[in-house]
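Computed over heavy atoms, backbone and side chain alike; hydrogens, waters and symmetry mates excluded.
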Amino acid sequence: MFEISAISLDTILAFGGKMLAFLTGLAALIFVHELGHFLAARRCGVIVEKFSIGFGKKIFGTTSGGTEFIVAAIPLGGYVKMKGEELGEKTNEEGSFSAASPQDRLLIAFAGPLFNILFALAIYIFIYMVGVEALSPVIGTVKE
């Protein structure tokens, strides 16, 4: 039979730390991805109504420049809600996604993955410049 007392506090804290690190890294990836869509939409003249990190119930948010910035309860994704993106919305209004040129729509869609690639490259360059301590493959010595 499984007993809860069999799990030590150190094990629980270690798991909690790893889970926190995972969620922080995931939130950073989501933020960079959605930031790509957001900046491209703004550059193309499309009105961005919402910028959300997470799904579900809103934890907190603020409005700036006509965009509502939200942090939601479930941190497993995010979205950028643009004017004219939904089916049934007016399609010919200026500043709407559906009224943007096909090149602009393609740029907006591609900007998120492009920012993820650039973010990964920046992390790789940073780790390369800082360095990572590694054990050398020398037999006969003990590293403290």
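- Phe60 and Phe55 fall into different hydrophobic clusters, where Ile, Leu, Val, Met, Phe, Trp and Tyr side chains are chained together by heavy-atom contacts under 4.5 Å.
- A continuous path of Ile, Leu, Val, Met, Phe, Trp and Tyr side chains, each step under 4.5 Å between heavy atoms, connects Leu26 with Ile53, placing both in one hydrophobic cluster.
- Distance OH/Tyr79 to NE2/His33: 14.5 Å, rounded to 0.5 Å.
- Just one of Lys81, Arg42, Glu49, Lys50 meets the side-chain hydrogen bond (donor to acceptor under 3.5 Å, both in side chains) condition when paired with Thr67; it is Arg42.
- Hydrophobic clustering (side-chain heavy atoms under 4.5 Å, transitive across Ile, Leu, Val, Met, Phe, Trp, Tyr) keeps Ile108 apart from Ile47.
- The shortest heavy-atom contact between Arg105 and Phe97 is CD-O, 3.4 Å.
- Atom CZ of residue Phe115 and atom CZ of residue Phe38 lie 11.0 Å apart, to the nearest 0.5 angstrom.
- Taking hydrophobic clusters as Ile, Leu, Val, Met, Phe, Trp and Tyr residues chained together by side-chain heavy-atom distances below 4.5 Å, Ile59 does not share a cluster with Leu20.
- Closest approach of Ala41 and Met82 over heavy atoms only: CB-SD, 3.7 Å.
- Between Lys83 and Glu94 the shortest heavy-atom distance is NZ-O, 3.8 Å.
- Pro75 and Leu23 get closest at one heavy-atom pair: CG-CD2, 4.2 Å.
- Taking hydrophobic clusters as Ile, Leu, Val, Met, Phe, Trp and Tyr residues chained together by side-chain heavy-atom distances below 4.5 Å, Leu35 does not share a cluster with Leu107.
- The two residues Ser52 and Ala72 make their nearest non-hydrogen contact at OG-CB, 4.3 Å.
- Val48 and Val80 make their closest contact through CG1-CG1, 3.5 Å (heavy atoms, listed as atom of the first residue, atom of the second, distance).
- Taking CG of Asn116 as the reference point, atom CD of Glu34 lies at 9.0 Å (rounded to 0.5 Å).
- The aromatic rings of Tyr124 and Tyr128 sit parallel, their planes meeting at an angle under 30°, below the 60° perpendicular limit.
- The aromatic rings of Phe51 and Phe69 sit tilted relative to each other, their planes meeting at an angle between 30° and 60°.
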